[in-house]
Amino acid sequence: MFTNFALIHVQVLLGGLIWTVVLSLISFVFGGLIGFALALAGVSKVRWVSRTIATYVALIQGSPVLIIMFVIYFGLPILGVEVGSLTAAGIALVLFSSAYLGTIWRASLQSVPKTQWEGADCLALTYAQRMGLVILPQAIRIATPPTVGFMVQIVKNTSLASVIGVVDVTYVGKQVNAATFQPFTTYLVIAVLYFCLCYPLSVLSRRFERAYSVSHR
Amino acid sequence: MSYQFDFSFLADYWPLLFWGTVATIRMSVIVTCSGFVFGTLCAVASTSRIAVLRNLVAVYVEAIRNTPLLVQLFLVYFGLSSLGLRFSAETSALIGLTINVGAYSSEIIRAGLEAIHRGQIEAADTLGFSRLQVLAGVMLPPAFEKVYPALVSQYVLLMLGTSITSQISAEELTGAASRIQSMTFRSFEVYLVILGVYLVLSFGMRGLLRLLGLVLFPRLRRLGTNL
């Protein structure tokens with residue numbers, strides 16, 4: 001009745017892994033775009049702007065990703081927007097990553113020494129010149145290690161999309177488990193697949209950290 | 001928009017939500033404690049002179065930090081039971097979360113241990129302290145003080161992560177919510193309500209742990225800032 005766990009199942013799982021990667025990329029790219037806007041607005045001197053951003057970030061960071069996903073999955077159809085599970089999961093993960101990336105990048109912007117901001121002001125640079133030529137090049141160096149580190153969190157959190165029916169590697173895993181009834185092997189293989197995605201990012205993040213901290217020693 | 005919001009399920013089902021909240025809090029408190037103890041042990045082991053022990057901790061930490069909690073819970077609940085180690089969903093949730101949070105705590109505490117000035121340890125050695133005395137009296141207290149804010153964030157994340165244990169049918173807030181929505185078909189309203197509950201829990205937990213920090217670390221109280 002049950003088939004044994006075999007190579008064919010690994011192939012099926014790899015098919016699911018593609019959606020894990022796609023979902024991760026969507027979350028990172030769109031979450032990054034929104035996060036970047038949040039970071040720029042977060043260092044704004046206009047009080048209500050930075051307050052609004054801080055509130056948004058606090059609300060997202062204080063909610064479980066799984067519940068955000070449920071609320072969007074069940075909530076958007078009420079507003080008349082029919083969404084598939086992939087879209088709903090994508091939106092939830094974009095919200096999640098935008099809040100965290102926004103925080104990471106705002107902190108990076110703020111850790112560029114104040115004298116640099118003032119210096120740029122003194123040279124009468126425009127906002128775009130000051131950001132693009134003076135602040136961002138320095139902030140990017142500071143932001144790279146935690147950003148790459150956070151990508152690991154994004155990849156791992158895409159596994160929650162399986163709960164609302166996105167056919168990612170975890171979802172396929174449940175099906176493989178139902179067919180083989182070898183949960184230990186199945187989930188171990190899935191864990192290994194996630195590890196293969198995440199570990200290189202972790203190593204990269206640490207390497208960046210070491211490379212960039214040289215100047216501070 | 002013709003949708004009628006209907007929160008009337010709250011009248012009938014609030015006890016379920018209440019006990020779910022209690023279960024979530026209980027689970028979070030237990031795992032915060034067990035994860036902290038386990039993490040501390042691992043952090044101490046990672047500073048050990050025995051290479052095997054150090055490598056073992058390193059492998060454990062990397063394995064946990066690079067795989068999703070959901071898959072870890074599946075492995076503990078479904079995987080171990082197929083190998084003959086059968087636990088209830090609640091026990092599996094506690095085991096899985098402890099293993100997960102232990103790895104993160106261990107990394108955080110290890111960073112605190114490494115930040116301790118060598119002179120402190122050498123001074124303690126010179127005074128004839130045993131290795132245990134150095135650890136408990138000289139290394140761990142300032143390490144905890146230094147990384148306390150990071151630990152607080154980690155444990156709040158853990159509390160939010162307990163929602164994932166609903167996927168192995170552990171009884172907690174999210175599990176209660178999914179039961180209510182399957183009976184009332186008011187999915188959106190139910191999840192909106194528990195989203196609010198989680199927000200209150202996470203802000204409350206953060207606030208309480210910050211207060212606890214003020215109680216535990218007098219220096220923080222006096223200076224009003226971290227080290």
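Note that this is a predicted model, so its numbers are computed, not measured. All values below come from the heavy atoms of this structure, side chains included, with hydrogens, waters and symmetry mates left out. All chains are named by letter (A, B, ...) in the order of the sequence lines, taking the proteins before the strands, and each is independently numbered beginning at 1.
- Looking at B/Phe203, the atoms closer than 4.5 Å to chain A (heavy atoms on both sides) all sit in the side chain, from C-beta outward.
- Under a cut-off of 6.0 angstrom, the local environment of CZ in A/Phe36 is sparse, with at most 12 non-hydrogen atoms contributed by other residues, nucleotides or ligands.
- Annotation: B/Phe9 is not in aromatic contact with B/Tyr13 [ring centroid separation under 6.0 Å not met].
- Heavy atoms of B/Leu157 lying under 4.5 Å from chain A belong exclusively to its side chain.
- Looking at A/Leu59, both its backbone and its side chain come within 4.5 Å of chain B, counting heavy atoms on both sides.
- Only the side chain of A/Gln153 comes within contact range of chain B, with at least one heavy atom under 4.5 Å from a heavy atom of that chain.
- Ranked by heavy-atom pairs shorter than 4.5 Å toward chain A, the options B/Leu69, B/Leu75, B/Val71, B/Leu70 are led by B/Leu75.
- Contact of A/Ser162 with chain B is made through the side chain alone, with heavy-atom distances under 4.5 Å.
- For a residue to count as touching a neighbouring chain, one of its non-hydrogen atoms must lie under 4.5 Å from one of that chain's; by this rule A/Ser63 touches chain B with backbone and side chain alike.
- B/Tyr198 and B/Thr174 share a side-chain donor-acceptor pair at under 3.5 Å.
- Interface check for chain B: of the options A/Thr158, A/Val65, A/Val71, the most heavy-atom pairs under 4.5 Å are formed by A/Val71.
- Within the 6.0 Å centre-distance limit, the rings of B/Tyr191 and A/Phe70 are counted as a close aromatic pair.
- Heavy atoms of B/Gln167 lying under 4.5 Å from chain A belong exclusively to its side chain.
- For A/Leu66 against B/Ser163, the heavy-atom pair with the smallest separation is CD2-O, 3.6 Å.
- The candidate from B/Val76, B/Leu83, B/Leu192, B/Leu80 with the greatest count of non-hydrogen atom pairs under 4.5 Å with chain A is B/Leu83.
- The aromatic ring centroids of A/Phe184 and A/Phe5 lie 6.0 Å or more from each other.
- Counting heavy-atom pairs under 4.5 Å between each of B/Ala177, B/Ala63, B/Ser166, B/Gly79 and chain A puts B/Gly79 at the top.
- In terms of heavy-atom pairs under 4.5 Å with chain B, the best-connected choice from A/Ala58, A/Pro183, A/Pro77 is A/Pro183.
- Within the 6.0 Å centre-distance limit, the rings of A/Tyr100 and A/Phe96 are counted as a close aromatic pair.
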Evaluate salt bridge (Lys or Arg N to Asp or Glu O under 4.0 Å) for B/Lys146 paired with B/Glu114, printing each intermediate quantity in order. CA-CA 11 Å; B/Lys146 199 163 278 180; B/Glu114 278 173 1; over 6 Å; no
